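So the structure is just underneath, and the comments pick up after that.
Counting convention: from 1, in listed order, for ligands and their atoms alike. The model shown is predicted, which means the values in this text are computed figures rather than measured ones.
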Amino acid sequence: MDPFRENLFAGKTAFIAGGTSGINLGIAKRLAGLGAKVAVAGRNPEKATAAAAEIGGPEVALGLSADVRIYQSVEDALDQAVARFGKLDIVISGAAGNFVAPALGMSANGFRTVVDIDLNGTFNVFRACYAHLNRPGASLIAITAGQAVNPRMLQAHVCAAKAGINHLCRVLAMEWGPSGVRVNGISPGPIADTEGMARLAPTPEAEAALTSRIPLRRYGTKDEIGDAAVFLSSDAARYVTGTILDVDGGSQLGDASTRDGTHGLA
Ligand code: NAP
Ligand code: COA
């Protein structure tokens, strides 16, 4: 049984930057499944159109082409979303880029590109959407990552960008709280069947090694991140702002592997 009330988001509109694949598309489908109208935006227009069809077709979803690095591009996408479905109640900023490289193997442009998509993109999306929000009551969520808190080698760009996102969420929560806008983050752990994990743990061996360190001993699912987004976007989280919600099977607690793998558990 679905833990959330059917049609929880009836009459609500969501805009999801980076919602054309992976985790963010999973969030889009979860919100639409609970009654929201959803606009998803990514650079590739064919991917955006296909995502909208997958979410439920033109009655419930709109696929838009936008590059979050370009403020005007974000504004244009927001204008189209609002023209189609009305003012926004839920905004998710989830567009991101990642590759594995040491700092010395990363050009200045490589570093800047990821910071530009993740951090500057989140500022652009949140800054530009404010004028279109149903206030009070709107919910903004940034999709961040454990790299924001725990430094990881070969991830200098992502660590810097995601740390910036976490703090940006906290500042905006303070500035926009008085107008009834909540700003939070979701920090997923390793999520199955995603581009992110294809890049970070590309072999079964790498996946097994990673899983052995996670307290809950498995990757998460897109639906599990979707459920966290549903909670934070719903009235159940009406007094929650400026928080980063870890949905990671305990990954950020540290390495939970043991020599024999049992910890004395049967
Ligand atoms: P993904 O499938 O590659 O999703 C990235 C999305 O962002 C796509 O829709 C992509 O579409 C869009 N995008 C990329 N650059 C963009 C730009 N400049 N402007 C607009 N859209 C852009 O990745 P994912 O693995 O599901 O990750 C989704 C989010 O979860 C990211 O924020 C990531 O950091 C976070 N996360 C993922 C994991 C994981 O296990 N995968 C763990 C922790 C955090 P286009 O390519 O068409 O632009
Ligand atoms: N190692 C080192 N540098 C790399 C690299 C790698 N594996 N991949 C890209 N770069 C560098 C490029 O060389 C370039 O720098 P340069 O101009 O000095 O040579 C810079 O990064 C930008 O690359 P480019 O391909 O022009 O950027 P883009 O805007 O087309 O794509 C990326 C952005 C690189 C982040 C691309 O991987 C992407 O689009 N990712 C989106 C999907 C994704 O990453 N999903 C996972 C999310 S967690």
Side-chain angles (χ1 to χ4, degrees), residues 15-29 39-52 54-55 63-71 73-74 76-78 92-122 124-125 141-150 152 154-159 161-163 165-166 185-202 207 210-211 214 218-222 224-226 228-229 244-249 251-252:
F15 179 90
I16 306 183
T20 62
S21 66
I23 290 173
N24 307 315
L25 176 55
I27 293 172
K29 287 157 93 171
V40 291
R43 290 166 301 178
N44 181 327
E46 288 85 32
K47 214 170 124 180
T49 302
E54 195 178 327
I55 294 164
L64 296 165
S65 175
D67 189 329
V68 297
R69 294 172 285 193
I70 303 165
Y71 193 78
S73 173
V74 174
D76 291 347
L78 286 163
I92 315 275
S93 174
N98 196 354
F99 53 82
V100 176
L104 292 177
M106 201 181 280
S107 68
N109 190 42
F111 183 87
R112 182 171 47 242
T113 296
V114 169
V115 172
D116 220 7
I117 302 170
D118 292 37
L119 176 56
N120 298 343
T122 295
N124 291 343
V125 169
I141 300 172
I143 308 302
T144 178
Q147 287 96 321
V149 177
N150 297 310
R152 306 255 167 78
L154 314 181
Q155 291 279 275
H157 46 2
V158 175
C159 289
K162 295 295 196 185
I165 288 176
N166 286 15
I186 293 174
S187 180
I191 302 303
D193 303 319
T194 60
E195 182 61 29
M197 292 321 296
R199 292 175 185 227
L200 292 172
E207 179 173 334
L210 183 50
T211 303
I214 300 172
R218 64 173 176 86
Y219 277 13
T221 67
K222 293 168 198 161
E224 287 166 342
I225 304 305
I244 307 295
L245 180 58
D246 296 331
V247 186
D248 66 353
S251 300
Q252 281 201 64

How about [atom]: does it have a protein heavy atom within less than 4.0 Å?
atom	answer
atom 13 (O) of ligand 2	no
atom 25 (O) of ligand 2	no
atom 37 (O) of ligand 2	yes
atom 6 (C) of ligand 2	yes

For [atom], closest protein heavy-atom neighbour:
atom	answer
atom 32 (O) of ligand 1	G94 O, 2.9 Å
atom 46 (O) of ligand 1	R43 NH2, 2.9 Å
atom 35 (C) of ligand 2	G97 CA, 3.7 Å
atom 3 (N) of ligand 2	F99 CE1, 3.4 Å
atom 3 (O) of ligand 1	E195 CB, 3.5 Å
atom 22 (C) of ligand 2	T113 OG1, 3.4 Å
atom 30 (O) of ligand 1	I143 CG2, 3.3 Å
atom 47 (C) of ligand 2	A96 O, 3.9 Å
atom 28 (C) of ligand 1	N24 ND2, 3.6 Å
atom 18 (N) of ligand 1	D67 OD1, 2.9 Å
atom 22 (C) of ligand 1	A95 CB, 3.6 Å
atom 34 (O) of ligand 1	K162 NZ, 2.9 Å

Roughly how far apart are [X] [atom1] and [Y] [atom2], rounded to 0.5 Å?
X	Y	atom1	atom2	result
L200	R152	CG	CZ	9.0 Å
D248	I225	CG	CD1	8.5 Å
I16	I27	CD1	CD1	6.5 Å
I191	E224	CD1	CD	7.0 Å
I165	L119	CD1	CG	6.0 Å
L245	I141	CG	CD1	9.0 Å

Which is closest to [atom] by heavy-atom distance: [options]?
atom	options	value
atom 4 (O) of ligand 1	S73, S21, G22	S21
atom 47 (O) of ligand 1	I16, N44, N124	N44
atom 44 (C) of ligand 1	I117, T144, T20	T144
atom 43 (C) of ligand 1	G19, G42, P188	P188
atom 26 (O) of ligand 1	I191, I225, I23	I23
atom 39 (C) of ligand 1	V40, T194, L64	T194
atom 17 (O) of ligand 2	N109, D67, N44	N109
atom 20 (C) of ligand 1	G189, A145, A66, A142	A66
atom 40 (N) of ligand 2	R199, K162, H157, E195	R199
atom 20 (C) of ligand 2	A145, A198, S107, G110	G110

Taking [Y]'s backbone N and O only, do any of them form a donor-acceptor pair with [X]'s side chain (distance below 3.5 Å, no angle check)?
X	Y	result
N124	V68	yes
K162	I143	yes
N24	G94	yes
S65	R43	yes
H157	F99	yes

Side-chain touch [X]/[Y], heavy atoms, less than 4.5 angstrom:
X	Y	value
P188	V247	no
E207	M197	no
F15	L64	yes
N98	Q155	yes
S187	Q252	yes

What atoms in ligand 2 come closer than 4.0 Å to a heavy atom of [X]?
X	answer
R69	29 (O)
G105	2 (C)
A101	1 (N), 2 (C)

Legend entry - Between D67 and S73, a side-chain donor and acceptor under 3.5 Å: no
Inset, instruction - Over all heavy atoms of both residues, which pair between V125 and A17 is shortest? Give the atoms and the distance, please. - result: CG2-CB, 3.8 Å
Legend entry - Closest non-hydrogen atom pair between A28 and V40, with its separation: CB-CG1, 3.8 Å
Inset, instruction - Please indicate whether any nitrogen or oxygen in A41 is less than 3.5 Å from any nitrogen or oxygen in ligand 1. - result: no
Inset, instruction - Just let me know how K47 lines up against ligand 1, side chain, backbone, both or neither, with a heavy-atom cut-off below 4.0 Å. - result: side chain
Legend entry - Part of P190 within contact of ligand 1 (heavy atoms, under 4.0 Å): backbone
Within the 4.0 Å heavy-atom shell around [X], which atoms of ligand 1 are there?
X	result
A96	7 (O), 14 (C), 31 (C), 32 (O), 33 (C), 34 (O)
M197	40 (O), 41 (N)
G196	25 (O), 41 (N)
R69	18 (N)

Legend entry - Part of M197 within contact of ligand 2 (heavy atoms, under 4.0 Å): neither
Inset, instruction - Check each heavy atom of R43 against ligand 2 and say whether those closer than 4.0 Å belong to the side chain, the backbone, both or neither. - result: side chain
Legend entry - Within 6.0 angstrom of N44 CG, more than 12 heavy atoms from elsewhere: yes
Inset, instruction - State if R199 counts as touching ligand 1 under the rule of any non-hydrogen atom under 4.0 Å. - result: no
Inset, instruction - Apply side-chain contact (heavy atoms from CB on, under 4.5 Å) to L25 and I55, showing your working. - result: CA-CA 8 Å; L25 176 55; I55 294 164; 3.7 Å; yes
